[in-house]
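For reference, the structure is listed below as structure tokens.
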Amino acid sequence: MTTPPQETVNTHEDRYHPQPIEEKWSAAWQKDSQLYVAEPPSSAKKKYYVLEMLPYPSGALHMGHVRNYAIGDALARYMWMRGYNVLHPMGWDAFGLPAENAALKNNTPPREWTLANVASMKAQMNRLGFSYDWSTEVTTCLPDYYRWNQWFFLKMYERGLAYRKNSKVNWCPECATVLANEQVIDGCCWRHEDTKVEQRELEQWFLRITNYAGELLNDLDQLESWPEKVRTMQRNWIGRSEGATVDFALEHAGPVAEKISVFTTRIDTIFGATSLQLAPQHPVVAGLIANNPELLAKVDALISEQRSAKEAGEIGPVEKNGVFTGAYAINPFNEEQLPIWVANYVLMEYGTGAIMSVPAHDERDHEFARKFGLEVRVVVLPRRTSEPPESGQEEAPMLTSTSEESLLINSGDFNGLSNLDAQKKMSQHAEEHGFGKSAVSYRLKDWGISRQRYWGTPIPILYCEKCGVVPEKEENLPVLLPEDIEITQQGGSPLSRLPEFANARCPKCGGTARRETDTMDTFVDSSWYFYRYTNAKLNTAPLDRDTVDYWFPIDQYIGGVEHAILHLIYSRFWTKVMRDMGLISNSEPAARLFTQGMVIKNGAKMSKSKGNVVSPDDMVARYGADSTRMYALFAAPPDRDLDWQEQGVEGVHRFLGRVYRFFMRQAQPKNTQGNARLPGELSAEARKLQRKMHQTIAKITRDFEGRWHFNTCIAAIMELVNELYAAEPLIYSGKIPVQLIAEVQRSLALLLAPFAPYLAAELWSVLGETGVLLKQPWPPFDPALAKEESVEVPVQVNGKIKARIIVPADSSEGFTREQAMADTKVIAAIDGKELLKAIVIPGRLVNIVVR
RNA sequence: GCCCGGGUGGCGAAAUUGGCAGACGCACGGGACUUAAAAUCCCGAGACCGGCAACGGUCGUGUGGGUUCAAUUCCCACCCCGGGCACCA
């Protein structure tokens, strides 16, 4: 039996000081270069690839990073302890504009600035105790990596997936570069929320992501372990519409064109078309009005109106406007003459840039028709309506959804068909007669990757005076980004002002050529980095197929929901392209995706401008890494937003101190009596503690396997520790055997390992253990020992609790009912009333219904 | 306008299958230890009403209705907050 210590309260030495403990273990772990290194694919273990989104090396981690990585690290450590072969890599999304801005401000070369940031953020990560395998570290701004961006680009160029076109692009004056559509938010730059994006015409390189639109959409159905929210956002972004194209012949076929092709999802309403509407930029327009300067001016006005609306950041519908061209087209279904208009609400970028206007059944067409006095003709009637309204009436359009049962009228041979049948029959009819066919249109556009910036991957293309566009030869890769460059305030591509870079020889003919001086969008870098981790030092290829086949798909990808469309669509696209190139076998990068909530403070996202930024370094200095990480997991379930409250961190710190002090007082090290077998008979109090331990292990194990409610996992550990404190006095009286305390302590150290790895390691060594916690088996639990022996069952009378009875946990329904009915309070409550029924849920509750 | 989330004590939250609403923690109150404070340990606590008290009663998960012996949980309608998309034919 142990003697009670003289001082049961804490001595000075008992105090929990995380700094020395964490620094000691951090140093030890960093010295062990093999600690977090995964085994090769030949390993007999099952593989597990856990990945967190790589950060941009801005200079310092923020709390969002800490939360993201705390989740991933807990999972990685758990999977290790479960005996998996875990790949847990980290890298740096190291190209990008901030490096150039910093260069301008501090006169530091971008590379130097970036790599210094990498070093300090890596130190922060190591101080926080994240279990990354640095042997596979990827830094995207280094030639070892970006040469493969160039290599992929050349392969895509060969396959027709990379092409160049003159196009209207989104231009951010602040960044002085082009933005992808995905980077324009509410008409403003994604990096400069107050800067309106302008439209400019430039020669740009594009990747043909639209070739994969259908597959990107369909495969979302297989990604069952991705958040529904992300899948929905991607679906909306891809924006598939099923319909048909129909060709309308021009009444007077001119030199410009003979017909106008329109896209419609409602071919069933084609007899209701009373005009054609063209986008102002539609190529036919210029020909139609070429000899009418007045109309030309009006169309120009429409275009500049559109542009200024977009530049003003106006989203959504604006006042409808249009111009009649004076020309007519023939509706191929009824030979009717339709006036051809140019309208501001028709988008050149979508469908064919031309529509048939059906004012009776489309809100926008209706608004336009009313403004300009065009005919409104009803051709589809919902089943619920009996009488067709009169033609030309001024009411609101009869919007009928395709799913609604409705019938065609005023539609010639197609009268009486339901709209769904009509859609099929009319598309067929059009196809048979050669003036149309069913078609699918997507909202998704090709990915513009050219950036007029310095700090990015050079696009490996040359422009030869004789040969035109010539790709760089594969053996000449990488096209190195020159590093002795002066960054200036001037807009445009800095590389174009560097003759030694821009002036080159044509790889084909050896003649004078100009090198492409734009660089690639940095989202190219992050589209495939997770493949590189599997063999980061390979210098003959971007990846090794067998190794990738072993590790992929990623078992768990974790990151912020802000990447739901940008990064996560590009990554899926890149994966499919790589598969089609025969480089990999998988069609999707990640089997499971988890998007954690934002870290907010005082109800708002942390930002410098709001002055509510909490620095991780500060938290680590004050409370330690364990407390900081554990609070990030404890304060809210990981998928929800987390409001950072420093007092909460303090609370977690207090809890860890409570654990630490218990071990300091009561440690039952290995090779002492604490290690002996438990006595056969346990007191009720000892059973209670033992039961709590098994319940806690069971709960946490289940959560890691599914729900990931780490907040309640940590709460469960706290409950176990509270139970230990309650049991402590009973150690001295012998009611609780020290062998049991030893068992609980071992489990506790193991359970803490994913959440507070430093303290867990310290406690493990206090127990006289020398092995690395990561390699210890996760503690097992015995369901029989976790089971309660007796339970308190509330007894309700008409739904109000009147008594509580204690019965053995496995009591039958009959026994529970008997016990309930025998309770004096229950007898009093039902006295003199008619018993209607009694519902008994064994082990849960009894409800007696009386009248 | 359309599509996702969410709404529970003073605060962060819990309730895994329709079965005791508020676990765990913060803040708060009380006690122990201390010359004192900090730290620590123990106890209390949803709101309201009655009672010196043990205790008893009523209300309570955004609002209104419904199903059920029983609803934070299921159904219908609505309100508010956050996010995404938005003239996509």
Side-chain angles (χ1 to χ4, degrees), chain A residues 7-12 14-16 185-186 227-237 239-241 243 262-266 269 277 306 309 315-318 320 343-347 349-358 362-365 367-368 441-443 561-562 564-565 597-598 600 603 631 634-637 639-652 654-655 657-658 661 699 702-703 706-707 709 711-719 722 725-726 728 792-801 804 836-841 843-850:
Chain A
E7 286 175 284
T8 41
V9 266
N10 219 28
T11 63
H12 181 67
D14 278 349
R15 255 191 214 190
Y16 170 51
I185 295 147
D186 290 342
E228 191 51 49
K229 182 191 173 78
V230 172
R231 294 200 287 165
T232 307
M233 282 166 73
Q234 293 208 357
R235 263 185 212 111
N236 292 342
W237 190 263
R240 178 192 152 97
S241 291
V262 307
F263 175 75
T264 176
T265 56
R266 294 299 304 273
T269 64
Q277 303 288 346
Q306 265 188 343
I315 305 297
V318 293
K320 303 271 176 295
N344 65 345
Y345 70 97
V346 181
L347 306 174
E349 307 88 70
Y350 185 76
T352 58
I355 61 163
M356 62 179 201
S357 172
V358 185
D362 182 283
E363 228 170 334
R364 297 153 301 181
D365 293 344
E367 190 189 330
F368 190 89
S441 196
Y442 292 96
R443 185 189 169 281
V561 73
E562 66 273 17
I565 24 198
M598 277 192 307
I600 56 177
Y631 173 73
F634 177 63
D639 54 336
R640 250 201 264 179
D641 285 354
L642 180 157
D643 199 292
W644 195 269
Q645 295 181 357
E646 194 165 328
Q647 282 170 329
V649 191
E650 217 175 307
V652 171
R654 206 144 50 204
F655 163 70
R658 208 166 139 82
R661 284 186 299 276
K699 191 236 169 336
R702 269 204 306 272
D703 251 291
R707 238 175 35 141
H709 279 198
N711 54 332
T712 59
C713 291
I714 293 164
I717 298 176
M718 288 172 171
E719 286 183 56
N722 290 345
Y725 267 68
E728 192 174 6
E792 190 188 70
V793 175
V795 183
Q796 301 178 331
V797 175
N798 287 349
K800 308 260 184 220
I801 294 169
R804 293 172 183 279
L836 293 181
K837 59 175 158 177
I839 286 110
V840 181
I841 313 292
R844 279 290 199 180
L845 121 166
V846 176
N847 189 9
I848 300 164
V849 187
V850 295

Distances for protein N or O near nucleotides 27-30 of chain B N or O, under 3.5 Å:
residue, atom, partner, partner atom, Å
B/A27, OP2, A/R654, NH2, 3.0

For a quick check of understanding: with a heavy-atom distance under 4.0 Å over all strands, which category does A/K800 fall into, base, sugar-phosphate or nothing? sugar-phosphate

Partners passing side chain to side chain donor-acceptor pair (under 3.5 Å) against A/N722 (at least two apart in sequence or in another chain): A/R658

For B/G22 versus B/G56, give the span between their P atoms, rounded off to a whole number of Å. 16 Å

Could you check A/T264 against A/A636 and say which one's nearest nucleotide on RNA chain B is further toward the 5' end? A/A636

For RNA chain B, the expected dot-bracket line (Watson-Crick or G-U under 3.5 Å, [ ] crossing, | inter-strand) is (((((((..(((......[....))).(((((.......))))).(((((....)))))..(((((..]....))))))))))))....

Assert: residue with more 5' nearest nucleotide on RNA chain B, out of A/T712 and A/Q645, is A/Q645

Does OP1 or OP2 of B/G5 have a side-chain N or O of A/K229 closer than 4.0 Å? no

Looking at CZ of A/R231 and CG of A/N236, how far apart are the two atoms once the value is rounded to the nearest 0.5 Å? 13.0 Å

From the list B/A89, B/G12, B/C41, which nucleotide is the closest neighbour of the side chain of A/S241? B/A89

Would you check if the side chain of A/N344 reaches a backbone N or O of A/K320 as a donor-acceptor pair within less than 3.5 Å? no

Could you tell me whether A/N798 contacts a base, only the sugar-phosphate backbone, or nothing, with contacts defined as non-hydrogen atoms closer than 4.0 Å? nothing

Determine: side-chain N/O of A/R658 to OP1/OP2 of B/C24, distance under 4.0 Å, yes or no. no

Kindly say if A/R661 contacts the phosphate of B/C41, meaning a side-chain N or O under 4.0 Å from OP1 or OP2. yes

Could you tell me whether a side-chain N or O of A/D703 sits under 3.5 Å from a main-chain N or O of A/H709, the two making a donor and an acceptor? yes

Value for CD1 (A/I848) from NZ (A/K800), rounded to nearest 0.5 Å, stands at 15.5 Å

Span that lies between the C1' atom of B/C52 and that of B/G66, in whole angstrom: 46 Å

Whole Å only: how far is the CD atom of A/E562 from the P atom of B/G82? 18 Å

Once you round it to whole Å, what is the distance between C1' of B/G25 and CG of A/D643? 15 Å

Compare side-chain N and O positions of A/R707 against OP1 and OP2 of B/A15 and report whether any pair is under 4.0 Å apart. yes

Distance between the P atoms of B/A54 and B/G46, in whole angstroms? 14 Å

Between the protein and nucleotides 17-21 of chain B, which nitrogen or oxygen pairs are less than 3.5 angstrom apart?
residue, atom, partner, partner atom, Å
B/C20, O2, A/R804, NH1, 2.4
B/C20, O2, A/R804, NH2, 3.0

Please confirm whether the backbone N or O of A/V850 pairs with a side-chain atom of A/N798, one donor and one acceptor, at under 3.5 Å? yes

Using atom P in both nucleotides, what's the gap between B/U17 and B/U73 to the nearest angstrom? 14 Å

Just by distance, do the side chain of A/N847 and the backbone of A/G799 share a donor-acceptor pair under 3.5 Å? yes

Listed by chain and number, what are the side chain to side chain contact (heavy atoms under 4.5 Å, CB included) partners of A/T264, not counting sequence neighbours? A/R266, A/I267, A/M356

If you restrict it to nitrogen or oxygen atoms, what contacts under 3.5 Å exist between nucleotides 8-10 of chain B and the protein, and what is each distance?
none

Establish whether the base of B/C87 is bridged to the side chain of A/K320 by a donor-acceptor pair shorter than 3.5 Å. yes

Nearest-angstrom distance, C1' atom, B/G18 to B/A70: 8 Å

Show the numbers, then the answer: is there a side chain to side chain contact (heavy atoms under 4.5 Å, CB included) between A/Y631 and A/L642? CA-CA 10 Å; A/Y631 173 73; A/L642 180 157; 4.2 Å; yes

Can you tell me if A/N711 touches the phosphate of B/A23, counting only side-chain N or O atoms and a distance under 4.0 Å to OP1 or OP2? no

Between A/E363 (CD) and B/A89 (P), how many Å, whole number? 13 Å

Evaluate the ring planes of A/Y350 and A/F263, with Trp represented by its six-membered ring, and classify them as parallel (under 30°), tilted (30 to 60°) or perpendicular (over 60°). perpendicular

How far, in whole Å, is B/G12 from B/G6 if one measures between their C1' atoms? 15 Å

Separation of B/C24 atom P from A/D703 atom CG, nearest Å, is 17 Å

Does B/G51 fall in syn (glycosidic angle within 90° of 0) or anti? anti

I need the minimum non-hydrogen distance between A/V346 and A/G353, along with the two atoms involved. CG1-O, 3.5 Å

Quick check: closest heavy atoms across A/P794 and A/R844, and the distance to 0.1 Å? CD-O, 3.2 Å

When the C1' atoms of B/A15 and B/C24 are compared, how many Å lie between them, rounded to an integer? 12 Å

Rounded to whole angstroms, how far apart are CZ on A/R266 and P on B/C87? 20 Å

For A/P637, which contact category applies under a 4.0 Å heavy-atom criterion: base, sugar-phosphate, or nothing? sugar-phosphate

Atom CG in A/N711, atom CZ in A/R640: separation rounded to 0.5 Å? 8.5 Å

In terms of heavy-atom contacts, A/I565 and A/Q234 come closest through CG2-CA, 4.2 Å

Tell me: CD of A/E228 to C1' of B/C4, nearest whole Å? 8 Å

At 4.0 Å (heavy atoms only), tell me whether A/G651 reaches a base, stays on the sugar-phosphate, or touches nothing. sugar-phosphate

For A/I355 and A/Y345: C-alpha separation, side-chain torsions, deciding distance, then whether side chain to side chain contact (heavy atoms under 4.5 Å, CB included) applies. CA-CA 10 Å; A/I355 61 163; A/Y345 70 97; 3.9 Å; yes

Rounding to an integer number of Å, can you tell me how far A/F655 CZ sits from B/U40 P? 14 Å

With a 4.0 Å cut-off on heavy atoms, is A/D365 in touch with a base, just the backbone sugar-phosphate, or nothing at all? nothing

Please work out if A/Y725 contacts a base, only the sugar-phosphate, or nothing of the nucleic acid, heavy-atom cut-off 4.0 Å. sugar-phosphate

Integer angstrom distance from the P of B/U63 to that of B/G29: 31 Å

Taking every non-hydrogen atom, the tightest pair across A/M598 and A/D641: N-OD1, 2.9 Å

Residue pair A/V358 / A/D365: nearest heavy atoms and the distance that separates them: N-OD2, 2.9 Å

Rounded interatomic separation in angstrom, taking NE2 from A/H709 and C1' from B/C24: 15 Å

